[in-house]
Protein chains: 2
Amino acid sequence: MEAQLQKVVYTIQPYPELLSMLTYHMGWQGEGAGPEAQGKRIRPILVLLSAAAVGGNWRAALPAAASVELLHNFSLIHDDIQDQSEVRRGRPTVWKKWGVAQAINAGDLMFTLAQQAILELGTSANPGVGLEGARILNHTCVALTEGQYLDMANEQARSLPLSDYWPMVGGKTAALLSACAELGGLAAGGSETQRMALRTFGWSLGLAFQVLDDWLGIWGNADKIGKSTSSDLVTGKKTLPVVYALAQGGAFARRWLSGPVSAEEVGEVAAMLAAEGAEAYTLAEAERLTRQSREALDSLEGEAEACAALRELADGLLQRQA
Amino acid sequence: MEAQLQKVVYTIQPYPELLSMLTYHMGWQGEGAGPEAQGKRIRPILVLLSAAAVGGNWRAALPAAASVELLHNFSLIHDDIQDQSEVRRGRPTVWKKWGVAQAINAGDLMFTLAQQAILELGTSANPGVGLEGARILNHTCVALTEGQYLDMANEQARSLPLSDYWPMVGGKTAALLSACAELGGLAAGGSETQRMALRTFGWSLGLAFQVLDDWLGIWGNADKIGKSTSSDLVTGKKTLPVVYALAQGGAFARRWLSGPVSAEEVGEVAAMLAAEGAEAYTLAEAERLTRQSREALDSLEGEAEACAALRELADGLLQRQA
């Protein structure tokens, strides 16, 4: 996988410093380079396993696998500028090293490389598959920018309408995982039914992951409740339990809207959330989405070994800290 | 043309404010909207005339025409952030109105819409044309980001190697004009030979335009020489005459590298440039490139009326202030 990614990125030869912004961000070069700096490459693995799951040639899906990882990393380069994050995977972010202007441009180039990679499906599979792959990728990009817009637009506000929560996490997390699974199926010649099952699998998996992450951010580390400063309740993050309880307009909503929650209040405010049904709602949603993703995978009736590996990947993501 | 562009942009429905960033930038909505705020749409016109020139159906090229204009506008949104430009076509820039973070995201969405538009060639023409069109577009995007990189990387320096001048203006101006002409020929079913002629036509036209613009920035307004504060010599722009004379390492180079040129010195410094052959070189390059673009157009032996219109468009661009 790393070889396929590097093939795409190293095609741009002439300007060593421009190239080095990309290879630095990918974790291949510069100070602190190495596996730790590269992320887990979950998205390309999801593409390749999905290709194998429909019984096709997973090698035909390699361009799609490279493309989704490049797209993910493009979005991280721009996200870090937007959030003013100075550190990513333990290293200074691209904008911190090269400035905002060059980092925007490096992100644009990474975005372009993702587009070029997906078009290679036109060769590794056939022209119709290349076109359809590019359509899926760009449909995902629209969702990504919509999710990012919603996230930033609501950053100043203390609340978020429940109706904006799903498109926000859908755009920021689920859309790309959904595209990964569908692109794998597409590249390996899966049927329309199989592609739809994979799309649903990836989408539900992405939402389930995010909802569980929201639960973990409040109740995940029980022995720390009451003293944690890293609780999502202290940082003010608009997680599903918070958004749900705000929509109820009860005691929690009044407390939340009156101002920041201190580390000392975390236990008490978490209890308010639970009392108003927000924890039960969140866990029920996580369970519903997890079930939905498993059912989609089962309905695929795909190649047994690859499906087992997909299930394992999904379970690993969903149980990581539970 | 405006209708085709609006069709692409207005497909993204859900978030009025995100949509309004795009429609504002395109000059369709918001304060100061109207033809003045929309630019001249030269690139889509070039696409459509090129399609007609190969004797094909220009309507098949409409998706490509929309795509190049969206791509151009995506690059303007990001350029304005990178250059910290507060005004574009007489109105506040997108980042000035919505902030840097939202403007980066709006640019990313505009980029995505350009990609989606070009893929429509897969329907308006055929899948192979759609794929090839997307390849041409993304090849151009690589050149654009390389040109932008070179421009920004040399911003602090007082000089620019002559070897970096051509890829810089090639990437920033000629690559997209070249793609416009080629995409028109591709969409309308032109032969490989015709496409190559159109590509050369657009590329030479873009370079000729930039070189003439460089000449105009120093010698364009003879009655103002000696008192103009807007001269490229005062702003320190790395134009072709300057880059050429710097490579000579003579009196001009010593003067230029010693510090900024004041408005009073403009006449004297321009005379140094001319004495060292920089004006003659620049005009010779402009003439060579203009001839090259005319020859490429003649070699096309295309549909007479469309070729005449292309020649008129080119002449208009090249003679605009001469």
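Numbers restart at 1 for each chain; the letters A, B, ... are given by sequence-line order, proteins then strands.
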message: Can you give me the closest heavy-atom contact between P127(A) and L131(B), atom names plus distance?
response: CA-CD1, 3.5 Å
message: Quick check: closest heavy atoms across T145(A) and N105(B), and the distance to 0.1 Å?
response: O-ND2, 2.9 Å
At a 4.5 Å cut-off on heavy atoms, which part of [X] comes close to chain A: side chain, backbone, both, or neither?
X	answer
I104(B)	both
L150(B)	side chain
A106(B)	neither

query: Angle class for the Y149(B)/Y15(A) ring planes (parallel below 30°, perpendicular above 60°, tilted otherwise)?
result: tilted
- prompt: When the ring planes of H78(A) and H78(B) are compared, do they come out parallel, tilted or perpendicular, using 30° and 60° as the limits?
  reply: perpendicular
Contacting region of E17(A) [heavy-atom separation from chain B under 4.5 Å]: both
field: Flag side-chain contact, heavy atom, 4.5 Å: L144(A) against L109(B)
entry: no
task: Might you confirm whether atom CD of E31(A) has over 12 heavy atoms from other residues, nucleotides or ligands at distances under 6.0 Å?
output: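 For E31(A), atom CD is not crowded (no more than 12 foreign heavy atoms under 6.0 Å).
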query: More than 12 heavy atoms of other residues, nucleotides or ligands under 6.0 Å from CD of Q84(A): is that the case?
result: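 Open: at most 12 neighbouring heavy atoms sit under 6.0 Å from CD of Q84(A).
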query: Under the salt bridge (Lys or Arg N to Asp or Glu O under 4.0 Å) test, which residues partner E86(B), sequence neighbours left out?
result: K96(B)
Residues from residues 176-184 of chain A approaching chain B under 4.5 Å (heavy atoms):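 Residues qualifying by a heavy atom under 4.5 Å from chain B are absent, so none.
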task: Using the side-chain contact (heavy atoms from CB on, under 4.5 Å) rule, take D108(B) and D108(A) through it: C-alpha gap first, then chi angles, then the decisive distance, then the call.
output: CA-CA 8 Å; D108(B) 292 342; D108(A) 292 342; 3.8 Å; yes
message: For chain B, which candidate among Q102(A), Q148(A), Q116(A), R135(A) shows the most heavy-atom pairs at distances under 4.5 Å?
response: Q102(A)
